[in-house]
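This report refers to the structure that appears directly beneath it.
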Amino acid sequence: MLIHGILNPALNHLLSRARHTNTLVIADRGFPFWPAVETIDLSLVDDIPTVLDVLLAIRPNFIIGRASMAEEFLRQNTAETQARFRQALDGVPLDFEPHPALKARVPGAIGLIRTGDTTQYANLLIESA
């Protein structure tokens, strides 16, 4: 029985299958559903968990080579919110692109983790190193 780290078996299974340059999506509660992309829904209620909660939980065992977010995130969120994301991604190159371009890359992801996050444009694509 697992007693530390990620306890969700579906999430553990998804993370263990990631290889070099595979992309994983951590999405807010309103992010579209793609039937062809394995989705693990961790949402419980508003903001539980958040994208940052999931990111911080997987960072110890998932090496991120680069991350991408929507440009709209920068316009819709405070400097404090932006700083929390940058701190959680410390040492990881972070790119911003238009939201439609970010969504267009989702079908190439190995999986999508849906959260209860209500932060505007908090969706994050992370690429394994």
Side-chain angles (χ1 to χ4, degrees):
M1 180 172 117
L2 293 173
I3 59 171
H4 298 290
I6 303 293
L7 302 176
N8 182 289
L11 184 53
N12 265 327
H13 187 250
L14 175 62
L15 295 172
S16 69
R17 294 192 325 268
R19 302 293 180 257
H20 295 295
T21 71
N22 284 150
T23 303
L24 184 64
V25 180
I26 307 173
D28 62 29
R29 70 181 192 162
F31 202 70
F33 174 70
W34 273 268
V37 177
E38 178 181 357
T39 300
I40 298 171
D41 193 331
L42 300 178
S43 63
L44 182 60
V45 295
D46 284 354
D47 295 315
I48 298 178
T50 64
V51 170
L52 281 177
D53 291 334
V54 174
L55 176 62
L56 293 171
I58 69 173
R59 282 255 9 220
N61 291 307
F62 190 91
I63 301 171
I64 304 171
R66 65 181 309 127
S68 299
M69 294 184 79
E71 292 172 346
E72 292 85 347
F73 173 82
L74 298 171
R75 292 192 296 274
Q76 297 291 323
N77 292 286
T78 65
E80 180 183 333
T81 297
Q82 294 174 39
R84 285 197 310 266
F85 274 79
R86 289 184 195 279
Q87 182 179 14
L89 289 164
D90 185 42
V92 175
L94 176 59
D95 302 318
F96 292 91
E97 60 190 275
H99 189 57
L102 187 83
K103 288 192 304 186
R105 295 198 297 133
V106 171
I110 63 163
L112 187 150
I113 304 164
R114 180 176 180 257
T115 70
D117 208 331
T118 60
T119 304
Q120 295 293 307
Y121 297 98
N123 311 302
L124 183 64
L125 272 71
I126 55 175
E127 182 179 294
S128 58

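- G91 and P93 get closest at one heavy-atom pair: O-CD, 3.8 Å.
- For the pair T23 (side chain) and I126 (backbone), a donor-acceptor distance under 3.5 Å is absent.
- L11 and V106 fall into different hydrophobic clusters, where Ile, Leu, Val, Met, Phe, Trp and Tyr are joined by side-chain heavy atoms under 4.5 Å apart, directly or via other members.
- For D90, the salt bridge (charged side-chain N to carboxylate O under 4.0 Å, His left out) criterion is met by no residue, not counting sequence neighbours.
- L74 CG: more than 12 foreign heavy atoms inside a 6.0 Å radius.
- A donor-acceptor contact shorter than 3.5 Å is absent between the side chain of T119 and the backbone of A122.
- At least one donor-acceptor pair under 3.5 Å links the side chain of R59 to the backbone N or O of A88.
- Between E127 and R105 there is no salt bridge, since no side-chain nitrogen of the basic residue lies less than 4.0 Å from a carboxylate oxygen of the acidic one.
- Judged by distance alone, with hydrogens and angles left aside, the side-chain atoms of N12 form a donor-acceptor pair with the main-chain N or O of I6 at under 3.5 Å.
- Under the 4.5 Å side-chain heavy-atom criterion for ILVMFWY residues, a single connected hydrophobic cluster contains both I40 and I26.
- Here the CG atom belonging to L56 is positioned 10.5 Å from the CZ atom belonging to R84, to the nearest 0.5 angstrom.
- Note on Y121: it does not cluster hydrophobically with L102, by side-chain heavy-atom contacts below 4.5 Å among ILVMFWY residues.
- Listed here is the closest heavy atom pair of L112 and A27: CD2-CB, 4.1 Å.
- At a threshold of 4.5 Å between side-chain heavy atoms, the hydrophobic network of Ile, Leu, Val, Met, Phe, Trp and Tyr places V25 and L15 in two separate groups.
- Remark: L24 CG to L125 CG distance equals 8.5 Å, nearest 0.5 Å.
- Considering all non-hydrogen atoms of both residues, E72 and P100 come closest at OE2-CD, 4.2 Å.
- Side chains of R114 and S43: a donor on one and an acceptor on the other come within 3.5 Å.
- Side chain of D28 to main chain of T115: no donor-acceptor pair is present (N/O by atom type, distance under 3.5 Å, no hydrogens or angles).
- Checked by atom type and distance alone, the side chain of T39 pairs as donor or acceptor with a backbone atom of V37 at under 3.5 Å.
- Using modelled atom types, one side-chain atom of H20 and one backbone atom of A129 make a donor-acceptor pair closer than 3.5 Å.
- D117 places no side-chain N or O within 3.5 Å of a backbone atom of D47 that could act as its donor or acceptor partner.
- Tested against T78 for a side-chain contact (heavy atoms from CB on, under 4.5 Å), the candidates Q76, Q82, E80 yield a single pass: E80.
- When hydrophobic clusters are built by joining Ile, Leu, Val, Met, Phe, Trp and Tyr residues whose side-chain heavy atoms come closer than 4.5 Å, directly or via intermediates, V51 is not grouped with F31.
- Atom CG of L94 and atom OG of S68 lie 7.0 Å apart (nearest 0.5 Å).
- Atom CD of Q87 and atom CG of L52 lie 9.5 Å apart (nearest 0.5 Å).
- The minimum heavy-atom distance between L124 and M69, with the atom names listed, is CD1-CG, 3.5 Å.
- The aromatic rings of F96 and F73 sit parallel to each other, their planes meeting at less than 30°, with 60° as the upper class boundary.
- Note that CD1 of I113 and CD of E38 are 9.5 Å apart. Values are rounded to the nearest 0.5 Å.
- Between R19 and S16, the shortest heavy-atom contact is NH1-O, 2.9 Å.
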